[in-house]
Asker: 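I am attaching a structure below and will ask some questions about it afterwards.
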Amino acid sequence: MKIRFLLPLIFFILIGLLLWRGLSLHPNEIPSPLIGKASPTFSLPTLLGTKATITEKDLKGHVTLLNVWATWCYACALEHEYLMELASHKDFKLFGFNYKDDNIAARHWLKEHGNPYEIIAVDVTGTTAIDWGVYGTPETFLIDKNSIIRYKQIGPITQEVWEKTLRPLVEKLENEA
Amino acid sequence: MKKAFLTLFFLLIPLQLVFAVEDEYHFNTEAARQQFEGLTTELRCLVCQNQNLAESNAALAVDLRTQIYQKVLSGQSSPEIVDYLVKRYGDFILYRPPFKLQTLGLWLGPFVCLIFGLFYLIFYIKNQRRR
């Protein structure tokens, strides 16, 4: 019969655990079903440079970070500075994915703030982005040498994200065949 | 009389909102319109997660509505269209999650609670009688 007095306490602890768990959940970060799958096929014009189009074939043979950004996206501007720092990294290629943006504004923005990207795909309508499951900017896909999507970073890449999550993954993928 | 008109006006506001969205999309058949309506109310907007695709005005919701509209027009079935979106955005886009291992608690949890409640009730009543 003693257990009767313990029941409210047990109930309290269970509810407490449930709510405590809720604190560390991020309902805005929707897990991508594309992880572990080959990158979607696409063909998009580029923003700058001599190469006119970019396709999924351009992802082969190297570790790629594909960064979805736009000039209208506030968090992308915050991320940009750190991307400039990462651009000197030789272990991977940083590709840009300009999402539902204005070409002129995008070019102007890069001229002003610097261009960390090796090549930039332009998706004005956002149709290709749907194939990638993009739902908010910035998002960054980590793609291995065989163009398999291995990780998706939702939200800006900060130093913390890079050191704790992305860098170990990039190094691991770099050592894969 | 004035009051009656005012009431009528406020009653019609929600209707106006509904038609505002509908007007953007034209369908040749009633079945296609209903299919589109069914899909956009059953699918979640990923930007504002408490709204469905029909209600949301987020840019992505508009894009997804357009995609669904074109697919409905081209004669794709609802399961095909849902599958297309789930492949890209995951089960999260569904307001009605599928029944699988991960969602077992979600689907069966309420029934487990109900059974526990019933057992407790029976236990409680029997105890009371004994006294």
Side-chain angles (χ1 to χ4, degrees), chain A residues 1 3-4 7-8 10-11 14-15 17-18 21-22 25-42 56 68-76 97-102 123-139 141 149 151-152 154-155, chain B residues 39-40 43-53 56-71 73-74 76 80-95 97-98 100-103 105-106 109-110 112-113 116-117 119-120 123-124 127-128 130-131:
Chain A
M1 264 294 95
I3 194 160
R4 225 186 162 153
L7 272 178
I10 293 168
F11 192 67
L14 283 178
I15 293 276
L17 278 175
L18 196 74
R21 169 99 182 92
L25 290 179
H26 298 278
N28 287 329
E29 292 178 15
I30 302 166
S32 172
L34 293 169
I35 308 288
K37 300 217 169 86
S39 81
T41 53
F42 66 96
E56 75 283 353
V68 184
W69 68 285
T71 55
W72 47 260
C73 151
Y74 177 70
C76 300
F97 188 105
N98 191 234
Y99 175 60
K100 286 177 80 103
D101 208 348
D102 176 62
D123 186 14
V124 178
T125 58
T127 318
T128 304
I130 291 177
D131 287 337
W132 283 82
V134 169
Y135 68 91
T137 46
E139 284 178 18
F141 294 89
I149 299 170
Y151 184 78
K152 180 183 183 184
I154 295 157
Chain B
L39 281 167
T40 50
L43 294 166
R44 185 198 300 271
C45 168
L46 297 117
V47 184
C48 23
Q49 299 174 357
N50 290 328
Q51 280 187 308
N52 60 31
L53 285 181
S56 176
N57 282 321
L60 180 68
V62 177
D63 288 354
L64 289 178
R65 275 208 298 270
T66 311
Q67 287 282 319
I68 294 169
Y69 175 65
Q70 281 163 359
K71 283 179 191 301
L73 284 195
S74 70
Q76 288 192 30
E80 272 174 332
I81 299 171
V82 167
D83 187 54
Y84 163 88
L85 289 165
V86 167
K87 270 196 184 127
R88 285 154 180 78
Y89 292 98
D91 289 336
F92 202 88
I93 200 164
L94 306 169
Y95 263 127
K100 57 186 192 188
L101 200 66
Q102 270 177 306
T103 56
L106 201 63
V112 172
C113 287
F116 263 100
F119 269 110
Y120 181 76
F123 175 76
Y124 184 80
N127 244 11
Q128 289 282 357
R130 223 175 281 159
R131 264 180 224 171

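Each chain gets a letter, A, B and so on, in the order its sequence line appears, and its residues count up from 1.
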Asker: Measure distances from A:Ile30 to the heavy atoms of chain B and classify the residue's part below 4.5 Å as side chain, backbone, both or neither.
Answerer: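 Only the side chain of A:Ile30 comes within 4.5 Å of chain B.
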Asker: Can you name the ring pair (Phe, Tyr, Trp, His ring centres under 6.0 Å) partners of A:Tyr135, sequence neighbours left out?
Answerer: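 For A:Tyr135 there are no ring pair (Phe, Tyr, Trp, His ring centres under 6.0 Å) partners, ignoring immediate neighbours.
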Asker: How about A:Asp101 and A:Val124: do any of their side-chain heavy atoms sit closer than 4.5 Å?
Answerer: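 SC-SC contact between A:Asp101 and A:Val124 ruled out.
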Asker: Name the option with the most non-hydrogen atom pairs under 4.5 Å to chain B; the candidates are A:Pro27, A:Pro31, A:Ala129.
Answerer: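 Among A:Pro27, A:Pro31, A:Ala129, the one with the most close pairs to chain B is A:Pro27.
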Asker: Could you tell me which portion of A:Lys37 (side chain, backbone, both or neither) has an atom closer than 4.5 angstrom to a non-hydrogen atom of chain B?
Answerer: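 The answer is neither part of A:Lys37.
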Asker: Please state whether the sulfur gamma atoms of A:Cys76 and A:Cys73 sit closer than 2.5 Å to each other.
Answerer: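 The sulfur gammas are closer than 2.5 Å, so yes.
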Asker: Sequence neighbours excluded, which residues qualify as side chain to side chain donor-acceptor pair (under 3.5 Å) partners of B:Tyr84?
Answerer: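 For B:Tyr84 the side chain to side chain donor-acceptor pair (under 3.5 Å) partners, ignoring immediate neighbours, are B:Gln67.
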Asker: Taking side chain as everything from C-beta outward and backbone as N, CA, C, O, which of these in A:Pro40 sits under 4.5 Å from a heavy atom of chain B? Side chain, backbone, both or neither.
Answerer: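 For A:Pro40, there is no contact with chain B at all, as no heavy atom is under 4.5 Å.
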